[in-house]
Structures are given as C-alpha cells and as structure tokens.
Amino acid sequence: MIVNCRNSEGFLKQCLDSIHNQTYSDYEVIIWDNKSTDKTFEIASEFSESDNRFKVFKGAVPLKLGEARNMAIQEARGEFMAFLDSDDLWHSNFLADHIKALGKWDERIFGIGNVIEIDSAFNLLQASANDSPTGITLPPKNMYKKLLKGNTIYFSSLVIPRMFFIQNAGFKGDYVQAEDYELLLRASQIMKCYKTGLAYYRIHDGNATSVQQEALFTESLQILEKHSTHLWGWITFKLTAARYFLYLDDPTYGQRLDRLRTLSVGKMDLLIGLTILGMVTIRSELFRKKAS
C-alpha cells in the first residue's frame, strides 16, 4: 500500500489505523512524507516503530503528487498496489475483499471499490457516483469508455498489480491534479476492472481537488485531447471546455477564449461543448421535474 502525505497531521492517524485494522494482514505500507512541515513524519514513525509492515520515507524536497507516488512505488515489493490518500479510510475488509477477487485473475485486471463520502467528523455525505456494478468484471475498453465521460473512480479505492507500473511506467510527471485520471485511462485500455470492497473519501477544506480546480480543468483538457479520437473522448473534451469556459472569471468572452486557445480549444469546440452542455442540462431538468 502507498500512502503519500504532506502536512497531513489532522487525518493521518485515522488513515493508518484503518490500514492497521484490516482483516487481511499480509501487506506492506509505504508511507511517503512529501517534505511535511508539521507532525506528519512523527505520526507515521509511531506506526513504523510498532509494526514493521509500515515503512516511512521522507522526501528531500516537495514533489508533485504523481512524482511522489512514483518514488514510493520504487520502494514497494508487493504483488498488488493500493493507494490510500492520507485523509481517506478503508473499511476493515477492504483488502480482503480485493485480494479474494483479484487473486483469481491474471495480471491484467485492477480493482476499484465502493466509496462513501464523509466529512471531517466522519458524517456520511453520499455514496459513490461510480455506477459500475459490484462483483462484475468489466472487460478492457468498457471502463475506458466510462472514464472518457469523466473520472468517477476515487483513487483511494484502487488496487492494481505492481506489474502494470513495471511494464507501463508510472505516473506522468506533467500533471499536478489529474495524474490519477491519466493513469486510469491508460490502465483501462488494456485491463479488466472488478469492483468490490468499501472505502471512505473525506471532503474537507484542504482537499487538493477543491483548492486547485482550475488546474484540474486544464489538465483534464490536455489529457482528453490525446483521447479525442474516441467518440466519448471527443464529446467530453468539448464538454469540459464548455464547463471550464463558464468556470473562468475573466470579464470578457475574448479573454476566456484566449485562455482556451492555449489548450487547443477553438471556437467550434466551445460552441459544440456549450450546445451539448445545454442539452444535458435541459434533459436533467426534465427528469427532475418528472421525478417530482
């Protein structure tokens, strides 16, 4: 298991406790402290001193998350890799459920979990938006098509063979926010996907994906452009461009369009995206009124 952390003292103990309490016990935990300035390293060290399955490493300089994950992967020796963010948690049977399911298959399958969103006080917010059925194996390209419509996989619920990283390289260092999305798209093109287990994703003020929403938009556009030869990649590229255009706070249309041009988004891309977004919004509103 890989736990990357930076200034994570608020939630790290709960995260590591959820690993320590797993009913499946044959594991190793690589904790990579990305040059924290709080008590993160001390908290992680308490676990490594009391349990030799926990190994703590501290980076010399802060790295992008993907780069830090690659450093941690180099220290791992297990057959499967699982990634748990330092503010998230696993149900006590999470690993057992995945090992039971994935152990029957070859190296070309990865697992994802059911996810419940929680707040800082562990109040339940909502269930996972991922609509993949539990206990069903999706063939290669099936999950890829789903991911081209948008990333609905919580990375803290991923379990994937280490061989994937050996054969296909690790995380791309170009990205700050969407490195997990890029990796999932690559994996889903060649690997089957199985859903089992339960993870908890924490929503709080410090979530990187909330703080750096604009970076997530721009990186997603860069990634989707590379997959736009697929119909759903083409559609989602234009939808994402439209949502980014509406998200921007630049005062004029021209300024917003200039921002999009730097990401290879033209006027026609934007027009198509806004049209699709409008159709999706109208359809959702009709369904809402019908349901009420």
**OP:** Please lay out, stage by stage, how Cys5 and Asn34 fare under the test side chain to side chain contact (heavy atoms under 4.5 Å, CB included).
**Re:** CA-CA 6 Å; Cys5 43; Asn34 197 13; over 6 Å; no
Okay, side chain of [X], backbone of [Y]: is any donor-acceptor separation there less than 3.5 Å?
X	Y	result
Arg6	Asp33	no
Glu28	Gly78	yes
Thr40	Ser8	yes
Glu219	Tyr175	no

Is any side-chain heavy atom of [Y] closer than 4.5 Å to one of [X]?
X	Y	result
Gln14	Arg202	yes
Glu182	Ile223	yes
Met81	Met163	no
Ile30	Met1	no
Phe41	Ser36	no
Ser25	Arg53	yes
Ile203	Ile118	no

For the residue pair [X] and [Y], is the inter-centroid distance of their aromatic rings smaller than 6.0 Å?
X	Y	result
His230	Tyr144	yes
Phe155	Phe171	yes
Tyr247	Phe217	yes
His98	Tyr24	no
Phe122	Tyr200	yes

Same cluster (ILVMFWY, side-chain, under 4.5 Å), [X] and [Y]:
X	Y	result
Phe164	Met71	yes
Leu183	Leu65	no
Leu125	Val115	yes
Leu246	Met279	no
Tyr201	Phe11	no

**OP:** Quick one: list whatever passes ring-ring contact (aromatic ring centres under 6.0 Å, His included) with Tyr181, sequence neighbours left out.
**Re:** none
Provide the closest heavy-atom pair for [X] versus [Y] in the form atom of the first, atom of the second, distance.
X	Y	result
Ile190	Arg108	CD1-NH1, 3.3 Å
His20	Asp51	CD2-OD2, 3.3 Å
Thr236	Gly150	CG2-N, 4.3 Å
Ala96	Thr23	CB-OG1, 3.6 Å
Thr196	Ala101	CG2-CB, 4.2 Å

Original post:
According to the interplanar angle, ranging from 0 to 90°, do the rings of Tyr27 and Phe54 count as parallel (below 30°), tilted (30 to 60°) or perpendicular (above 60°)?
Top reply: perpendicular
Original post:
What residue among Val29, Ile19, Asp17 forms side chain to side chain contact (heavy atoms under 4.5 Å, CB included) with Phe47?
Top reply: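 Option passing the side chain to side chain contact (heavy atoms under 4.5 Å, CB included) with Phe47: Asp17.
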Original post:
Looking at Ile109, Asn168, Ile160, Leu184, which hits side chain to side chain contact (heavy atoms under 4.5 Å, CB included) with Met191?
Top reply: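 So, applying the side chain to side chain contact (heavy atoms under 4.5 Å, CB included) to Met191 and each of Ile109, Asn168, Ile160, Leu184, only Ile160 qualifies.
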Original post:
Charged N to carboxylate O under 4.0 angstrom, Asp97 versus Lys100?
Top reply: no
Report yes or no: do [X] and [Y] form a side-chain donor-acceptor pair below 3.5 Å?
X	Y	answer
Ser92	Asn21	no
Thr37	Asn7	yes
Glu214	Tyr244	yes

**OP:** Please lay out, stage by stage, how Gln255 and Thr252 fare under the test side-chain hydrogen bond (donor to acceptor under 3.5 Å, both in side chains).
**Re:** CA-CA 5 Å; Gln255 288 173 322; Thr252 69; 3.2 Å; yes
**OP:** Check the pair Tyr253 / Phe245 against ring-ring contact (aromatic ring centres under 6.0 Å, His included), numbers first and verdict last.
**Re:** CA-CA 9 Å; Tyr253 168 83; Phe245 176 81; 5.8 Å; yes
Rounded to the nearest 0.5 Å, what separation is found between the [atom1] atom of [X] and the [atom2] atom of [Y]?
X	Y	atom1	atom2	result
Leu224	Ser264	CG	OG	12.5 Å
Leu89	Leu84	CG	CG	7.0 Å
Lys195	Met143	NZ	CE	8.0 Å
Ile2	Ser156	CD1	OG	12.5 Å
Glu46	Lys39	CD	NZ	10.0 Å
Asn151	Ser220	CG	OG	8.0 Å

Original post:
Between Asn142 and Cys193, is a side chain to side chain contact (heavy atoms under 4.5 Å, CB included) present by the stated rule, with each step listed?
Top reply: CA-CA 9 Å; Asn142 192 311; Cys193 177; over 6 Å; no
Can you give the donor-acceptor pairs under 3.5 Å from side chains of residues 267-278 to other protein atoms, not counting sequence neighbours?
from   : atom 1 : to     : atom 2 : distance (Å)
Asp269 : OD1    : Lys238 : NZ     : 3.0
Asp269 : OD2    : Gly266 : N      : 3.0
Thr275 : OG1    : Leu271 : O      : 2.8

Subject >> Atom NZ of Lys64: over 12 foreign heavy atoms under 6.0 Å >> reply: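 Yes, NZ of Lys64 has more than 12 neighbouring heavy atoms, counting only those of other groups under 6.0 Å.
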Subject >> More than 12 heavy atoms from other groups under 6.0 Å of NZ on Lys58 >> reply: yes
Subject >> Working for side chain to side chain contact (heavy atoms under 4.5 Å, CB included), residues Lys172 and Glu179 >> reply: CA-CA 6 Å; Lys172 301 291 185 183; Glu179 76 291 328; 5.9 Å; no
Subject >> Pairs involving residues 75-89, ordered by first then second residue, that meet salt bridge (charged side-chain N to carboxylate O under 4.0 Å, His left out) (sequence neighbours left out) >> reply: Arg69-Asp85
**OP:** Might you work through the side chain to side chain contact (heavy atoms under 4.5 Å, CB included) test for Leu138 and Lys146, ending with a clear yes or no?
**Re:** CA-CA 11 Å; Leu138 298 178; Lys146 288 178 179 288; 4.1 Å; yes
